[in-house]
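Below you'll find the structure, written out as structure tokens, and then a few comments.
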8 protein chains.
Amino acid sequence: MKPLVGIIMGSDSDLDIMRGAADVLKQFSVPFELTVVSAHRTPARLVQYAQTARERGLRVIIAGAGGAAHLPGMTASMTTLPVIGVPIKSSNSIDGWDSVLSILQMPNGVPVATVALNGSKNAGLLAAQILGATDDELAAKFELFKHEMREAVQEKIDALKD
Amino acid sequence: MKPLVGIIMGSDSDLDIMRGAADVLKQFSVPFELTVVSAHRTPARLVQYAQTARERGLRVIIAGAGGAAHLPGMTASMTTLPVIGVPIKSSNSIDGWDSVLSILQMPNGVPVATVALNGSKNAGLLAAQILGATDDELAAKFELFKHEMREAVQEKIDALKD
Amino acid sequence: MKPLVGIIMGSDSDLDIMRGAADVLKQFSVPFELTVVSAHRTPARLVQYAQTARERGLRVIIAGAGGAAHLPGMTASMTTLPVIGVPIKSSNSIDGWDSVLSILQMPNGVPVATVALNGSKNAGLLAAQILGATDDELAAKFELFKHEMREAVQEKIDALKD
Amino acid sequence: MKPLVGIIMGSDSDLDIMRGAADVLKQFSVPFELTVVSAHRTPARLVQYAQTARERGLRVIIAGAGGAAHLPGMTASMTTLPVIGVPIKSSNSIDGWDSVLSILQMPNGVPVATVALNGSKNAGLLAAQILGATDDELAAKFELFKHEMREAVQEKIDALKD
Amino acid sequence: MKPLVGIIMGSDSDLDIMRGAADVLKQFSVPFELTVVSAHRTPARLVQYAQTARERGLRVIIAGAGGAAHLPGMTASMTTLPVIGVPIKSSNSIDGWDSVLSILQMPNGVPVATVALNGSKNAGLLAAQILGATDDELAAKFELFKHEMREAVQEKIDALKD
Amino acid sequence: MKPLVGIIMGSDSDLDIMRGAADVLKQFSVPFELTVVSAHRTPARLVQYAQTARERGLRVIIAGAGGAAHLPGMTASMTTLPVIGVPIKSSNSIDGWDSVLSILQMPNGVPVATVALNGSKNAGLLAAQILGATDDELAAKFELFKHEMREAVQEKIDALKD
Amino acid sequence: MKPLVGIIMGSDSDLDIMRGAADVLKQFSVPFELTVVSAHRTPARLVQYAQTARERGLRVIIAGAGGAAHLPGMTASMTTLPVIGVPIKSSNSIDGWDSVLSILQMPNGVPVATVALNGSKNAGLLAAQILGATDDELAAKFELFKHEMREAVQEKIDALKD
Amino acid sequence: MKPLVGIIMGSDSDLDIMRGAADVLKQFSVPFELTVVSAHRTPARLVQYAQTARERGLRVIIAGAGGAAHLPGMTASMTTLPVIGVPIKSSNSIDGWDSVLSILQMPNGVPVATVALNGSKNAGLLAAQILGATDDELAAKFELFKHEMREAVQEKIDALKD
């Protein structure tokens, strides 16, 4: 199946975190692709990836990066697709603040849908919600996911009682 | 036309900022509704708003709030729709940090698509992009919007030369 | 005995921290209940818990949460009881700042009595002080507790001398 | 009537902020006293105030201070009454961070119920809630207050519709 | 004369700040060009500007931007020239922290020579120093500039004495 | 010999850090005393210690504390002696910021000479410098100490060459 | 009279703040000198000032600076006198944090007695306390100063009662 | 060969980090020297090093330091050469913020080209770029370096596909 979501990250050292987004999309049976695109080391690849994303069938892009994290914002500058940014607390980051601020604080005209620091699972869920906004089947799966979260909490509540 | 986007805010004092989202949606001819829902002062209204949002036809919710900003995250907890959060530097905020962190740092399972501090225009644009992910006409409008941004920059470049 | 204090937390991973409040209340012989209520994963449970708290006999609620911590503030929005908030430095928190700010910076009208990061022991003590404001027996116990703290410091002073 | 709540502040320059607590207590008909106690300039007065507070009939103390704000914590060290701390963004404060942290981050054994920066109104409300924990009449007034907040929001919602 | 230094900025609203770099270069008789290049609104222009900078004769690039400031880092990713980054406290910035961190915290392999917040004068001076590293005449001018700074301080010292 | 410097700390858990001050004073043959004085758990002891410090012969007080660190400032409020504050990154501190700000940001009228986070060695040195301001023998020892520091650096420089 | 305290500042724009130290010393009849020494623009003057300070009769140095504030620390590196650092929130400072951290966080071996941001009055008082450590007349004046502070607070307390 | 780049650091404990700059310069065959110069413990050596740097043939200075990091800025105050500052997260640093701010926030007139926290590799690369601004052979090596970075990313991309 053709991927609907593109998961990209600035470095393969971000893979441990970004796999969280992939896992969620598998769980929701949303086809995706996952690769490395470095804004700073492979800028031409970034341009090519972002500019062709929509025509290749992608509907949402998830971009994770750490430190001075330019990948999500630069991707957003070159596509009309919604871009979800995942700030990563990488080894070169000052407690994550640089990653968060350089993804979140985009200027007017070029939004990035930022999730929590290292929040790649939520990035996957948000991608599912975005696709589910106009896809009732996916929305139903999300409803079920919410139900399962509630159940999981309930089990812990019951365990606490014992 | 039935609204596709719901714009809510924690207080009418947030209106000056949040109008930015409404203006963008008007520009893109995306029907929307705009109202006040206070997580802390009208929690029952929040529950009702969030739980009925999808069935009332909304596809995206934009929620703006300041200080300990719980409106976006609590809305997200009660709907399967994507929720865009706008941190607002309200008068009771510590330079905006509280607004940003209490919207951005959502736990796994309940994402909020956070935009920049006071970034309501970008919230409107992101809503348009989310709808445009599966709506080619809207995507084309977004492409045009990007073109116009480039033109506007070019005019300023030309003005600088003179 | 009917619980006078309700201790709730957003996740069972907060239990290690929140047990501190329970231990203190046991020490003061204040009856309490302890459970998990997730603002984001079990919002209906949160509404039910908060709205029935007073009629079920609770006099104080202690709520602990990490990251974008909405549990204390949302609980406070739905009860007239005093709510004590414990910011928790959970694994998804940015050094605790998000937890602190999203609990502390409540808007006018809905206070949360916030204690230090991970300060669940102090939350238990504050609950005892609140009940002790109008309960002389409990106040006397608190006076004794203060006396014992002084003694404990004195022992360390004496040990240092040796 | 004998005051039940003591409102103290580190400097008369804090009066503009701290009046908010007094106004709330008047509204709830809770008798209070209001004065200046400087931890740093009048330490003997601080000791005397804190140590005699309970025997003078006070049930709650509200203490506001800015910068290196030691008044709330030192008061708490010398009374068994619950102490509510109001961090004030005074002229000598670094954006309020010093006030917040030096009130909030109390060590185990001596809690201060901290409210938002400049949140004196919430301090007043919290004092009313603490007294109302065991006073049904006051709790009923608080319920009414919450009702009025909801009404006020509703009026703004209606105004927005026009 | 062919420009040796390229001064670029993300928006014409940055011009007031960035003129400081131009003024310094005029003072040192270093030929320069100044224009707007928006990383987010004109990404193609950014690619073109950065990739042709060296062949067009530039020796140093000064790039100023605010908020999620990607211009300096992305320029650096596409040229071998040294790039000086000027973080700007623009209207959409959180006290300048986002600008500073998104310029400074570049990953290994792609440095940006970052100067102080709004430090465009120092950016101009640094460009002069970089060119002066291998240009004795320029170095002599810089020595003179340092001498004049000392003199200016001395005048103020003398004025203080009177 | 009668102690000239009093080293106090809020908790015996601060001893590992505060021993640094004692070691320095030993090295300079400055007689000192070292004990625990908790502002929050033993406020009466604090009053007694601070008020009698000068008459007991102390010339300088070094006070270390963590979190909401009130010991240095409250000591300063009750003595005319210079008080050196050592912010400690204790286990209950938010990365040291609370300790630093609650010691440094004292209001006009009551200074605390604050040193770096965990900087107890420098507190000891500063005490020696204060006494040395009017004691030429001690000043000569300090000059020697500076000489030895230079030598130690030189040895490392030489080692690097090999 | 020969000055005992040297007040220096990095720029004459710091004069408005630093006059506070001079005013205090006048009040205590402590002879002082006041001048500009720029660590960055007049480094040779800094070396000369610091190295000759003690032999010229100074007993304490007060150094104020903003931004990357190196004046206090560098002065301390070249004298055995105690150096008091005043972080200044100058126009080029990021809310004062740079000034505070670059003065406070000195390495082991070279302490700077740091006071609050813009706290020049406290710097003057601390200088008086340092001199007063071994000067009973000055200590008596300081005791009187403390008494007057208490009186001033009492007057405000009385005014509040009316 | 005579060194073109001087690498200095405040302490030999910074050596592990600063070796990164040396490694890069070796890779680019740029001759360099590396030593310890402590601004605070060996100020005379600092003056001597900085003032003679240009005449000894250096073209760029790389200075690394942690905490209240005065070495880069003070070096810059005494040479006309471009100075690259490397903030180091040393053991006495508050999460690196002090190092970053005390190097970055230099006043007008004395720039320091600041790189990321612990970014010594980028300091080495920036030195190579500065020399390469007027040295085509070095620029060609830098182009090759950029090519190799791209290749390295491509290999990781390929590895991910398998």
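Computed from a predicted model, the values in this text were never measured in an experiment. Computed over heavy atoms, backbone and side chain alike; hydrogens, waters and symmetry mates excluded. Naming: A, B, ... by sequence-line order, numbering from 1 per chain.
- Contact of D:Val47 with chain F is made through the side chain alone, with heavy-atom distances under 4.5 Å.
- Among residue pairs with one or both ends in residues 99-140 of chain D, none qualify as ring pair (Phe, Tyr, Trp, His ring centres under 6.0 Å); sequence neighbours excluded.
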Could you list each donor and acceptor atom pair linking chain D to chain F at less than 3.5 Å?
unit_1	atom_1	unit_2	atom_2	d
D:Ala68	N	F:Gln105	O	3.0
D:His70	NE2	F:Ser102	O	2.9
D:Asn92	O	F:Gln105	NE2	3.1
D:Asp98	OD2	F:Gln105	NE2	3.0
D:Ser102	O	F:His70	NE2	2.9
D:Gln105	O	F:Ala68	N	3.0
D:Gln105	NE2	F:Asn92	O	3.1
D:Gln105	NE2	F:Asp98	OD2	3.0

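- In terms of non-hydrogen atom pairs under 4.5 Å with chain D, the most contact-rich of F:Ala76, F:Gly10, F:Ala68, F:Pro107 is F:Ala68.
- Partners of F:Phe32 by ring pair (Phe, Tyr, Trp, His ring centres under 6.0 Å), not counting sequence neighbours: none found.
- D:Ile94 touches chain F through backbone and side chain together, each having a heavy atom under 4.5 Å away.
- Looking at D:Ala50, neither its backbone nor its side chain comes within 4.5 Å of chain F, counting heavy atoms on both sides.
- Highest contact tally toward chain D, considering only F:Gly73, F:Gly66, F:Ala44, F:Ala65, is held by F:Gly73 [criterion: heavy-atom pairs under 4.5 Å].
- Residue pairs satisfying the ring pair (Phe, Tyr, Trp, His ring centres under 6.0 Å) criterion with at least one member in residues 109-141 of chain F, sequence neighbours excluded, are absent.
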